[in-house]
Protein chains: 2
Amino acid sequence: MKFDKDEQGYYEFIELLFFAYRDFVSEPDDALLAYGFGRAHHRTLYFVSRNPGLRVSELLDILKVTKQSLNRVLKQLIEEKFIYQEQGEGDRRRRHLYLTIKGESLVDKLCDIQFNRISKSMMDFSPEAYHNICSGLFSLIDKDDKAEVLLRLTRARKRQEDE
Amino acid sequence: MKFDKDEQGYYEFIELLFFAYRDFVSEPDDALLAYGFGRAHHRTLYFVSRNPGLRVSELLDILKVTKQSLNRVLKQLIEEKFIYQEQGEGDRRRRHLYLTIKGESLVDKLCDIQFNRISKSMMDFSPEAYHNICSGLFSLIDKDDKAEVLLRLTRARKRQEDE
DNA sequence: AAATAAATGTCAACATAGTTGACGTATATT
DNA sequence: AATATACGTCAACTATGTTGACATTTATTT
């Protein structure tokens with residue numbers, strides 16, 4: 001397949017993104033069934049894992065859902081001790097979110113599943129090609145959100161390096 | 001940003017795909033509100049547009065949902081005359097799906113929105129880099145579905161060329 | 001010809017995850 | 001002291017998914 005950058009190619013792009021996403025999330029979905037959780041729980045767990053101390057309002061901004069919608073899954077995750085909250089030190093209205101050991105362990109399991117898919121899929125791509133793929137995904141993000149996404153990615157990488 | 005092919009890079013990959021998909025579908029979602037339709041209608045319209053004469057069972061296979069779930073939106077789209085059905089000539093149990101003029105016009109509108117995003121996002125990528133991005137998405141698809149996705153893409157391109 | 005299978009449609013009940021709107025509480029800021 | 005912010009919560013509703021049961025039409029098999 002050629003994947004040309006013409007109008008037909010744009011149709012192909014739409015479809016490839018649909019199928020890639022469909023299959024990328026389906027395996028974690030299945031794994032979460034055993035916990036009585038769904039995709040919404042996955043997202044919350046994932047972003048808290050990657051951004052320890054994340055505030056509720058920041059999570060809302062990432063997920064682009066209403067606080068009522070988030071609260072339903074967050075409440076469950078806190079009650080079942082996958083996530084805990086800490087009151088802000090400076091501003092005590094803020095609730096900072098962290099994973100418990102139990103939470104970390106679930107996220108690890110889910111990430112492993114997706115890491116496997118990524119590593120298998122990206123096996124035959126050079127580092128440069130891989131970089132292109134990531135940059136391509138990044139470019140699709142809304143203009144106004146790019147800076148923040150990048151900031152979080154950088155912070156997360158730094159956190160990792162500091163360990 | 002470097003986007004390395006290491007474990008941290010895999011986390012980044014997960015996030016980039018999430019944000020890219022989130023924003024990629026959000027504009028069509030908004031446009032569909034005016035029609036009282038949602039994302040499920042979008043998908044059905046899109047795949048019928050790209051595969052004229054598609055059968056219901058094939059659509060089920062693409063969307064990976066149950067026939068009851070599909071039927072709800074398909075029924076609406078047929079009643080409101082965005083899609084029509086034709087009985088199979090060889091096998092008259094089959095229902096082949098096609099877009100009406102009204103349907104084509106809506107799909108065009110939705111595709112325009114996404115074409116704009118793609119073309120803006122991919123502007124700075126070389127044809128080779130663009131090819132990498134598409135190939136990368138393709139690689140993420142389930143092994144068992146790759147052949148069929150490719151077949152449909154090829155057919156659609158051929159249909160276009162024959163016009 | 002009769003039985004079986006396949007493709008589709010439909011009814012009902014339910015789950016998940018999203019929405020809006022209203023309101024409460026604690027804490028900061030003005 | 002008044003107002004704004006961050007968060008939580010109740011209720012009702014919508015969209016989209018699920019399972020299970022069953023009907024209809026048409027093909028295929030026996």
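Numbered from 1 within each chain, the chains take letters A, B, ... in sequence-line order.
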Report task. Let me know the distance between CD of B:Q76 and P of D:dA15, rounded to the nearest Å. Result -> 8 Å
Query raised in the report: Is the backbone N or O of A:L74 less than 3.5 Å from a side-chain atom of A:T44, with the two atoms forming a donor-acceptor pair by type?
Result: no
Query raised in the report: Excluding sequence neighbours, so at least two apart, what forms side-chain hydrogen bond (donor to acceptor under 3.5 Å, both in side chains) with A:R159?
Result: none
Query raised in the report: Should the pair A:R117-B:D142 be classified as a salt bridge under the 4.0 Å nitrogen-to-oxygen rule?
Result: yes
Query raised in the report: Got a sec, which residues hit side-chain contact (heavy atoms from CB on, under 4.5 Å) with B:Q68, two or more places apart in sequence or on another chain?
Result: B:T66
Query - Whole-Å distance separating the NZ atom of B:K64 from the C1' atom of D:dT18 - result: 17 Å
Report task. Mark up nucleotides 21-30 of chain D, 5' to 3', with B wherever a protein heavy atom is under 4.0 angstrom from a base atom, S wherever such an atom reaches only the sugar-phosphate, and - elsewhere. Result -> B---BBS---
Query raised in the report: In whole Å, what is the span from the CZ atom of A:R22 to the C1' atom of D:dG17?
Result: 15 Å
Query raised in the report: Can you tell me how far CG of B:D145 sits from CG of A:D23, rounded to the nearest 0.5 angstrom?
Result: 5.5 Å
Report task. Considering just the side-chain nitrogens and oxygens of A:S69, establish if one lies under 4.0 Å of OP1 or OP2 belonging to C:dA17. Result -> no
Query raised in the report: When the ring planes of A:F3 and B:H131 are compared, do they come out parallel, tilted or perpendicular, using 30° and 60° as the limits?
Result: tilted
Report task. If a pair satisfies ring pair (Phe, Tyr, Trp, His ring centres under 6.0 Å) and one of its residues is in residues 42-83 of chain A, list it, with sequence neighbours excluded. Result -> A:F37-A:F82, A:F47-B:F18, A:F47-B:F19
Report task. Answer yes or no: is there a side-chain heavy-atom contact under 4.5 Å between B:Y10 and A:C111? Result -> no
Query raised in the report: B:N71 has an atom CG; how far is it from atom P of D:dA15, in whole Å?
Result: 16 Å
Query raised in the report: In chain order, what residues pass the side-chain contact (heavy atoms from CB on, under 4.5 Å) check against B:S105, with sequence neighbours excluded?
Result: none
Query raised in the report: Quick one: B:K75 NZ to C:dG9 P, roughly how many Å, whole number?
Result: 10 Å
Query raised in the report: Of all of residues 31-58 of chain B, which get a heavy atom below 4.0 angstrom from DNA chain C, listed by number?
Result: B:R55, B:V56, B:S57
Query raised in the report: Separation of A:D30 atom CG from C:dT16 atom P, in whole Å?
Result: 15 Å
Query raised in the report: For the pair made of CZ in A:R94 and P in D:dG8, what is the distance, rounded to whole Å?
Result: 14 Å
Requested in this report: In whole angstrom, give the distance that lies between atom CG of B:L74 and atom P of C:dA7.
Outcome: 17 Å
